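Report on one structure; see the data block that follows.
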Amino acid sequence: MFEVARSTHLDDEGDVPTDLGLALAERDDFRAALDWALEHDAELGLKIAVALQNFWNAAGPQEGLRRLTQLLERAGPSSPAVRAAALRVQGGTADLSGEDELAERLWEESVELYRAVGDDRGIAAVEHMLAVSAWRQGDWERMRRLTESSLERARGRFAFVEITGYWLLGQLRLVEGDMGGATDLTRRSADMARERGWSWWESGQLHELLMLALRRGDLDEAEQEGRAALALEREQENRLWAMYTLAGLGQVALARGDLVRAGVLCGAVENEATRVPRWESERARRAGSLLAESRPAFSSARERGRQLDLWDAAAIALDEESDAQTEP
């Protein structure tokens, strides 16, 4: 199963098109292989788990965190390269699971191991992750330093790491008040990801473009980018990012005065959020204007939305089902 896992290219290390669909189709066999490896060959299990990096990121960060934690504990001393990669991926799953402090500790250990073995790609990748941690904390100076260092190593050498750097540069432009620059850099990141078949990253950038368009008041563009993001997120079974995108599309509906659609989508997001540790720290950033809305039509629709599964709400947002189906 290790060779099958490697063939998906979900670890980003080869900078080639990824195949999340194969991982989703083979997930039961991968899980069985990881269960076996935990008992018989934990280092092989680590290699399989690392090869499935974007599967965990999209479809199961909490499962990925649990499995990597167990495998690292069972493996004992591993080669520095294997341990560095495992800590990098474990940190990513911790981050997406809302374990910010744990994620940063894991990445710090990972980047030190990468430096010890002279792995420039590994260093650049983890510097990007640490820059994301600084972004969450609003530590703009550290974020800039790490982003620039990562990009300097990656530019022209490691395409996937370079792609992620443009989004962070865009976020720095946003902090500086340069909305146009932020949009251009984010679109560049999305386009480069699409060209290289990295759909997991592309979907996240389309969500960011939705949020930037909302800031500019361009509701048509916001809806277009949000629907494109949501379609990819549903295909990838990425419930976390789909929840974020539904919150953005709910804000689009609210800005257009569609209180029922906005309320339904908001309620579905709140229902999903009860199972997502990351939401509490992201709520203000992702839900925006929905948080202050309290008109009766919105509140009533929100209660109905709380009865929906996330993918049923996605079908409404994509106009595959009518909001009226949620009427009592």
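Owing to the predicted nature of the structure, the values given are computational and were not obtained by experimental measurement.
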| message | Walk me through whether Asp100 and Arg278 qualify under salt bridge (charged side-chain N to carboxylate O under 4.0 Å, His left out). | response | CA-CA 9 Å; Asp100 295 352; Arg278 165 60 61 199; 2.3 Å; yes

Answer yes when [X] and [Y] have at least one side-chain N-carboxylate O distance shorter than 4.0 Å, and no when they do not.
X: Arg275; Y: Glu272; result: yes
X: Asp120; Y: Arg115; result: no
X: Asp319; Y: Arg227; result: yes
X: Arg239; Y: Glu237; result: no
X: Asp191; Y: Arg188; result: no
X: Arg196; Y: Glu162; result: no
X: Asp139; Y: Arg144; result: no

Side chains of [X] and [Y]: donor-acceptor distance under 3.5 Å anywhere?
X: Thr183; Y: Arg187; value: no
X: Thr93; Y: Gln62; value: no
X: Ser150; Y: Arg153; value: no
X: Tyr114; Y: Arg88; value: yes

| task | Show your working on side chain to side chain contact (heavy atoms under 4.5 Å, CB included) between Leu308 and Ile316 and close with a plain yes or no. | result | CA-CA 10 Å; Leu308 292 177; Ile316 291 171; 3.9 Å; yes

Check: [X] side chain, [Y] main-chain N or O, donor-acceptor pair, under 3.5 Å:
X: Arg234; Y: Ala314; result: no
X: Glu293; Y: Arg295; result: yes
X: Thr147; Y: Met143; result: yes
X: Ser189; Y: Gln205; result: no

| request: For Glu104 and Ser133, run side chain to side chain donor-acceptor pair (under 3.5 Å): C-alpha distance rounded to whole Å, both residues' side-chain angles, the deciding distance at 0.1 Å, then the answer. | output: CA-CA 7 Å; Glu104 183 143 357; Ser133 179; 2.5 Å; yes

| message | Are Trp241 and Trp200, when compared by the centres of their aromatic rings, separated by less than 6.0 Å? | response |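 Here the rings of Trp200 and Trp241 have centres that are less than 6.0 Å from each other.
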
Are side-chain heavy atoms of [X] and [Y] found at a separation under 4.5 Å?
X: Arg256; Y: Arg261; answer: no
X: Glu270; Y: Cys266; answer: yes
X: Asn238; Y: Asn57; answer: no
X: Val50; Y: Val82; answer: no
X: Arg306; Y: Arg302; answer: yes
X: Arg136; Y: Glu282; answer: yes
X: Glu112; Y: Glu109; answer: no
X: Phe55; Y: Leu24; answer: yes

| message | Applying side chain to side chain contact (heavy atoms under 4.5 Å, CB included) to Gln236 and Ser203, what does each step give before you reach the verdict? | response | CA-CA 9 Å; Gln236 298 164 13; Ser203 68; 3.6 Å; yes

Check the hydrophobic clustering (I, L, V, M, F, W, Y; side-chain heavy atoms under 4.5 Å; chains of links allowed) and say if [X] and [Y] are grouped together.
X: Leu185; Y: Val132; value: yes
X: Leu20; Y: Phe30; value: yes
X: Val276; Y: Val269; value: yes
X: Ile123; Y: Phe160; value: no
X: Met211; Y: Leu290; value: no

If you measure from [atom1] on [X] to [atom2] on [Y], what distance do you get to the nearest 0.5 Å?
X: Glu127; Y: Leu146; atom1: CD; atom2: CG; value: 6.0 Å
X: Ser97; Y: Leu65; atom1: OG; atom2: CG; value: 5.0 Å
X: Leu87; Y: Arg105; atom1: CG; atom2: CZ; value: 11.5 Å
X: Asp218; Y: Leu209; atom1: CG; atom2: CG; value: 11.0 Å
X: Thr69; Y: Gln90; atom1: OG1; atom2: CD; value: 4.0 Å
X: Leu113; Y: Asp119; atom1: CG; atom2: CG; value: 10.5 Å

| query | So Glu225 and Glu208, side chain to side chain contact (heavy atoms under 4.5 Å, CB included) or not? Walk me through it. | reply | CA-CA 9 Å; Glu225 302 291 6; Glu208 296 294 344; over 6 Å; no

Please name the pair of heavy atoms, one in [X] and one in [Y], separated by the smallest distance, quoted to 0.1 Å.
X: Leu52; Y: Ala23; value: CD2-CB, 4.3 Å
X: Gly248; Y: Leu210; value: CA-CD2, 3.9 Å
X: Leu46; Y: Ala86; value: CD2-CB, 4.0 Å
X: Trp311; Y: Glu233; value: CH2-O, 3.8 Å
X: Ala242; Y: Leu230; value: CB-CD1, 3.9 Å
X: Leu265; Y: Leu249; value: CD1-C, 4.0 Å

| task | Decide salt bridge (charged side-chain N to carboxylate O under 4.0 Å, His left out) for Asp184 and Arg173; before the verdict, give the C-alpha distance in whole Å, the side-chain angles of both, and the deciding distance to 0.1 Å. | result | CA-CA 10 Å; Asp184 289 345; Arg173 292 286 183 88; over 6 Å; no

| remark: Using a 4.5 Å side-chain heavy-atom cut-off and chaining through intermediate ILVMFWY residues, the residues clustered with Val161 come out as Phe158

| query | In terms of ring plane angle, is the pair Trp201 and His128 parallel, tilted or perpendicular, where the classes change at 30° and 60°? | reply | perpendicular

| query | Applying salt bridge (Lys or Arg N to Asp or Glu O under 4.0 Å), which residue pairs with at least one partner in residues 41-66 are found, sequence neighbours left out? | reply | Arg31-Glu63, Glu63-Arg67

| field | Residues, nucleotides or ligands: over 12 heavy atoms within 6.0 Å of Glu303 CD | value |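 Yes, the 6.0 Å shell around CD holds more than 12 heavy atoms from other groups.
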
| For Arg216, does the CZ atom have more than 12 heavy-atom neighbours from other residues, nucleotides or ligands under 6.0 Å away? |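 Check passes, neighbour count above 12.
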
| request: Would you kindly check if the NZ (Lys) or CZ (Arg) of Arg285 is within the cone defined by 45 degrees around the ring axis of Trp135 and under 6.0 Å from the six-membered ring centre? | output: yes

| said: Pair Leu71, Leu34 - check side chain to side chain contact (heavy atoms under 4.5 Å, CB included), show working. | reply: CA-CA 9 Å; Leu71 287 163; Leu34 289 168; 4.1 Å; yes

| query | Does the side chain to side chain donor-acceptor pair (under 3.5 Å) test come out yes or no for Arg304 and Ser300, once each step is laid out? | reply | CA-CA 7 Å; Arg304 297 197 299 276; Ser300 177; 3.2 Å; yes

